[in-house]
Each structure stands twice: as structure tokens, then as C-alpha cells.
Undergrad: 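My questions all concern the structure below.
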Amino acid sequence: MDRAARTPGFFARVYAVVGAIPRGRVATYGQVARLLGLPRGARAVGWALRALDDRTARRVPWHRVVGAGGRIALRSGPGPVLQRKRLAAEGVRFRGTHVDIARHGLTS
DNA sequence: CGTATGACGAGCC
DNA sequence: AGGCTCGCCATAC
């Protein structure tokens, strides 16, 4: 286990919240941050997910976290495609390039 | 301890 | 709609 995931630090809490997102639904970085008690910590959440290594990523449903409005935040590499693919596999609908947040949002 | 870095977000243009 | 700027936050150096 990585140090970040073992210690009761920020990363671990982010992973715990993300892990609680139900299958077929998505949450925004801002929402996750809010659940952690950091209304303006969306960016920090992004930092935590970015720090996921291949092994840790296997136990954290990072693909269920999207940007405000359902935007796929990943910009390059296999990430964006993989995320969209995984979400689609869970039945998540898209409206163009964005996730249909109104239909699959955490609180929706 | 100051500066840099992002998988962010809201405002503006 | 698409692109920029600026503010926020936890880390990395």
C-alpha cells in the first residue's frame, strides 16, 4: 500500500469518498471536495486522483469522478477514452462529450 | 518556508 | 460553445 493510502491523510479520504460512489453514477470533483469538508478543494481532489498508481487505481472507481457539468477532465493519453468506456459500460449516458450529469449525478 | 503544479470551478469574453 | 484568467487546496521540491 502506498503511504498516502495507508495514512489517514487527504488522499485516503478522497479514495474513500470516491469508492462510495454507486455504480452507474458520477460525482464531480467539487462534490467530492465538499463531502470532505473542503468546498473549494476540487483541485486538491484532482491532485489526489492524479496520484493514483496502477495498483491503487484498481480499487478506486476514479472513472466515476468528472468535472463540473459532467465534463471529462482527463486531457490526454488513454485516460479520457478509458473513463468514457468504463462509464458507458455502467450504463452512464453521455450528451455529446459530457456525462448526462442531470441523470447520473450523485444527488440526482 | 517560498514557489510550482494540476484529472478544478466560476466568471468573462 | 470554446477558451482564458484567477482563486483555491494539498503536495512536491
Side-chain angles (χ1 to χ4, degrees):
Chain A
M1 278 260 248
D2 328 84
R3 180 168 55 75
R6 279 185 287 104
T7 57
F10 184 70
F11 284 14
R13 286 191 282 157
V14 169
Y15 301 155
V17 171
V18 173
I21 302 173
R23 192 168 181 285
R25 285 206 260 173
V26 300
T28 66
Y29 292 86
Q31 251 177 332
V32 173
R34 193 176 90 60
L35 289 173
L36 290 172
L38 292 170
R40 308 269 145 46
R43 209 164 187 178
V45 171
W47 183 267
L49 294 189
R50 180 182 180 285
L52 284 172
D53 53 59
D54 295 321
R55 191 171 57 67
T56 309
R58 277 194 287 258
R59 60 187 183 71
V60 179
W62 57 267
H63 58 283
R64 296 182 189 147
V65 182
V66 298
R71 152 179 171 276
I72 297 297
L74 289 167
R75 305 201 177 180
S76 59
V81 180
L82 179 60
Q83 177 168 28
R84 180 162 180 143
K85 198 161 140 191
R86 288 188 177 181
L87 287 175
E90 296 184 356
V92 173
R93 288 189 174 211
F94 282 76
R95 185 163 63 59
T97 57
H98 296 57
V99 168
D100 187 340
I101 203 77
R103 188 171 158 55
H104 302 285
L106 200 54
T107 63
S108 304

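Chain naming here is simple, since letters A, B, ... match the order of the sequence lines and numbering starts at 1 in each. These values consider heavy atoms only, across backbone and side chains, with no hydrogens, waters or symmetry-generated copies.
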Undergrad: For A/Gly41 and A/Ala33, work out which heavy atoms get closest and say how close.
TA: C-CB, 3.5 Å
Undergrad: Looking at every heavy atom in both A/Val65 and A/Gln83, which two are closest together, and how far apart are they?
TA: O-NE2, 2.8 Å
Undergrad: In residues 22-44 of chain A, which residues come under 4.0 Å of DNA chain C by heavy atom?
TA: A/Leu38, A/Arg40, A/Gly41, A/Arg43, A/Ala44
Undergrad: Minimum heavy-atom separation for A/Ala48 to A/Tyr15, with atom names?
TA: O-OH, 2.9 Å
Undergrad: Can you list the residues that meet the side chain to side chain contact (heavy atoms under 4.5 Å, CB included) rule with A/Arg40, with sequence neighbours excluded?
TA: none
Undergrad: Return the set of residues passing side chain to side chain contact (heavy atoms under 4.5 Å, CB included) with A/Arg58 (not counting sequence neighbours), or none when no residue passes.
TA: A/Arg55
Undergrad: Which atom names give the shortest non-hydrogen contact between A/Phe94 and A/Ala88, and what distance separates them?
TA: CE1-N, 4.3 Å
Undergrad: If the condition is side chain to side chain contact (heavy atoms under 4.5 Å, CB included), which residues does A/Ala27 pass it with, not counting sequence neighbours?
TA: A/Ile21, A/Gln31, A/Val32, A/Leu106
Undergrad: With sequence neighbours left out, which residue pairs that include part of residues 73-90 of chain A fulfil the salt bridge (Lys or Arg N to Asp or Glu O under 4.0 Å) condition?
TA: A/Arg64-A/Glu90
Undergrad: Please give, in whole Å, the distance from C/dT11 P to A/Trp47 CH2?
TA: 10 Å
Undergrad: Which heavy-atom pair separates A/Pro80 from A/Ser76 by the least distance, and what is that distance?
TA: CD-O, 3.5 Å
Undergrad: Could you pull out all residues at least two apart from A/Ala57 that satisfy side chain to side chain contact (heavy atoms under 4.5 Å, CB included)?
TA: A/Leu52, A/Trp62
Undergrad: Could you state the atom-to-atom distance from CZ of A/Phe10 to P of B/dC8 in whole Å?
TA: 13 Å
Undergrad: List the atom pairs, with distances to 0.1 Å, where a side-chain N or O of residues 95-105 of chain A and a protein N or O form a donor-acceptor pair under 3.5 Å, not counting sequence neighbours.
TA:
from: A/Asp100; atom 1: OD1; to: A/Ala102; atom 2: N; distance (Å): 3.4
from: A/Asp100; atom 1: OD1; to: A/Arg103; atom 2: N; distance (Å): 3.3
from: A/His104; atom 1: ND1; to: A/Gly24; atom 2: O; distance (Å): 3.2
from: A/His104; atom 1: NE2; to: A/Arg93; atom 2: N; distance (Å): 2.8

Undergrad: Tell me, which of residues 71-81 of chain A have any heavy atom that sits under 4.0 Å from an atom in DNA chain C?
TA: none
Undergrad: If Ile, Leu, Val, Met, Phe, Trp and Tyr residues are connected whenever their side-chain heavy atoms lie under 4.5 Å apart, and connections chain through other members, are A/Val92 and A/Val81 in the same group?
TA: no
Undergrad: Rounded to the nearest angstrom, tell me the gap between atom CG in A/Asp53 and atom P in B/dA7.
TA: 16 Å
Undergrad: Check DNA chain B against residues 83-107 of chain A and give the residues with a non-hydrogen atom under 4.0 Å, in numerical order.
TA: none
Undergrad: How long is the gap from CZ on A/Arg25 to CG on A/Leu87, to the nearest 0.5 Å?
TA: 14.0 Å
Undergrad: Give each protein N/O atom lying under 3.5 Å from an N/O atom of nucleotides 10-13 of chain B, with the pair distance.
TA:
none

